[in-house]
Amino acid sequence: MTTSETTTTDTLRRILDYSSRADPYPLYAELRRTPVARQEDGSWVVSTYRELADILHNPHLSSDVRNLAHPMPSAEGTTTPAFINMDPPEHDRLRRMAMRHFGPPHTPDLVTGLEPALAETVGTLIDGFEGSERIDIVDDLAYPFPVTVICRLLGVPREDEPRFSLWVNDIINAIDYDPRTDPKEKVEDGIRARQELRQYLGGLLEQRHDRPGDDLLSRLANDDGPDGRMTDEEIISTANLLLIAGHETTVNLITNGMLTLLRHPEVLQRLRDEPDLVVPLVEELLRYEPPVHIIPWRAAYSDIAVGDAVIPKGSQIMLMLASGSRDPDRFAEPDRFDPDRRDNQHLGFGSGIHLCFGGPLARREAQIALVELVRRLERPRLVDDPPPYRRSPVLRGPVHLLVEQGG
């Protein structure tokens with residue numbers, strides 16, 4: 001094992017350790033000294049912007065676990081995977097079929113058509129803060145807001161949230177499963193939770209075949225488009241993905257955004273005075289404090305040349321997206337939060353064929369939530385800094401964000 005392998009393996013271990021969750025960025029800087037680094041176990045880590053952008057657009061990068069030389073346990077179990085874990089042409093077909101009902105070109109007004117409902121939901125949640133000196137941005141707004149939205153879009157009863165939230169937590173915990181350090185129960189809980197969530201969604205889908213409504217699940221169940229009709233298994237996998245991704249990333253984006261604004265009071269005041277600033281501000285948040293930090297694995301289904309390295313066929317590849325978005329070779333003063341930043345081609349929603357499917361909706365949800373929070377909270381201030389963080393190094397964000405107002 002080379003000195004470089006030893007150094008980067010140790011740095012990666014510290015990044016994944018919970019003690020680094022509040023501020024992994026100095027460790028990302030260490031990791032970038034070796035842009036494409038082989039690890040002790042033969043896996044590879046890519047951490048610099050140029051190399052990440054190159055590999056995310058490389059047709060030899062696979063999202064299919066079967067292309068790993070040593071496949072690892074997956075929370076997908078034996079079920080049909082979501083299209084995010086497929087390669088072309090199947091990925092392209094399923095993403096295209098889902099996109100017919102989720103955005104341009106077939107439903108270009110989906111997000112804009114939702115704006116009145118988004119504003120009403122945020123307004124109602126903030127109304128609930130009235131008279132409260134202390135609020136939890138996560139529990140009181142950042143979680144219930146996107147959950148309400150994705151339930152409405154999919155056609156999932158909002159009152160079922162206590163049931164599926166437990167399944168989602170176990171699924172999310174299993175995303176970064178490492179057989180070298182994690183108990184086997186972690187991935188087993190993820191498999192069980194995914195099966196139970198699929199059974200639940202399957203029951204809803206059965207209802208939509210008989211009694212379709214005006215929701216995404218109904219449209220997927222009854223649509224015969226140019227690519228034909230999705231099978232029930234494919235619809236359930238797609239709904240599973242949208243339900244989880246449709247709120248988990250947005251929770252982090254809103255919470256990280258409010259935390260960043262409270263740490264930069266001059267920007268908070270500026271947003272209060274200039275609400276239109278929120279559009280570039282959210283893009284800077286996606287670079288500076290993104291909701292997704294790591295793609296924990298991809299596979300090389302043939303040898304891949306990246307930078308000065310050649311990653312062998314079958315290798316596991318970890319993509320450090322948040323590190324790439326703080327790369328000083330791509331962004332001037334990358335550790336400075338600057339909503340006026342130009343040419344902000346961050347990796348906050350990934351890149352390439354797997355660019356975040358729900359990115360436009362997540363952006364608009366965050367924009368509306370942050371503008372209203374800043375406008376309506378009276379002299380908000382952090383209770384704890386840093387706040388307590390979620391366990392996951394992949395979907396990184398505070399588990400609670402306590403804020404005092406007034407006084």
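Just so you know, these numbers come straight off a predicted model, no measurement behind them.
Nearest heavy atom pair, residue Leu56 against residue Leu61, reads CA-CD2, 4.3 Å. Ala142 and Ile254 get closest at one heavy-atom pair: CB-CG2, 3.9 Å. Minimum interatomic distance between Ala117 and Arg152 (heavy atoms only, all atoms of both residues): CB-NH1, 3.0 Å.
Neither side chain, Trp297 nor Gln316, offers a donor N or O lying under 3.5 Å from an acceptor on the other. A donor and an acceptor atom, one from each side chain of Arg396 and Asn256, are nowhere located under 3.5 Å apart. When only modelled atom types and interatomic distance are considered, Gln269 and Asp273 share a side-chain donor-acceptor pair under 3.5 Å. His57 and Ser351 are linked by a side-chain donor-acceptor pair at a separation below 3.5 angstrom, with hydrogens and angles left out of the test. Judged by distance alone, the side chains of Ser218 and Asp215 do bring a donor and an acceptor atom under 3.5 Å apart. In the model, Glu283 has no side-chain atom that pairs as donor or acceptor with a side-chain atom of Tyr288 under 3.5 Å. Remark: the Ser43 side chain and the Asp41 side chain contain an N/O donor-acceptor pair separated by less than 3.5 Å. When only modelled atom types and interatomic distance are considered, Ser325 and Arg330 share no side-chain donor-acceptor pair under 3.5 Å. Glu234 and Ser237 are not linked by any side-chain donor-acceptor pair at a separation below 3.5 angstrom, with hydrogens and angles left out of the test. A side-chain N or O of Asp160 and one of Tyr200 form a donor-acceptor pair less than 3.5 Å apart. Side-chain N/O atoms of Arg192 and Gln195 include no donor and acceptor closer than 3.5 Å. Remark: the Gln39 side chain and the Thr8 side chain contain an N/O donor-acceptor pair separated by less than 3.5 Å. Using modelled atom types, one finds a donor on one side chain and an acceptor on the other under 3.5 Å when comparing His209 with Asp232.
The side-chain heavy atoms of Asp64 and Met86, taken from C-beta on, include no pair separated by under 4.5 Å. Between Leu201 and Val156 the shortest side-chain heavy-atom distance falls below 4.5 Å.
The salt bridge (Lys or Arg N to Asp or Glu O under 4.0 Å) test applied to Asp127 returns Arg376, not counting sequence neighbours. For Arg270, the salt bridge (Lys or Arg N to Asp or Glu O under 4.0 Å) criterion is met by Glu274, Asp340, not counting sequence neighbours.
Note: His60 and Tyr301 have tilted aromatic rings, judged against thresholds of 30 and 60 degrees for the angle between ring planes. Relative orientation of the His91 and His354 rings is perpendicular, given thresholds of 30° and 60° on the angle between their planes.
Cation-pi geometry between Arg95 and Phe83 is not met at under 6.0 angstrom from the ring centre and within 45 degrees of the axis.
In this structure, the side chain of Asp327 engages the main chain of Tyr49 through a donor-acceptor pair within 3.5 Å. A donor-acceptor pair under 3.5 Å is formed between the side chain of Arg229 and the backbone N or O of Ala221.
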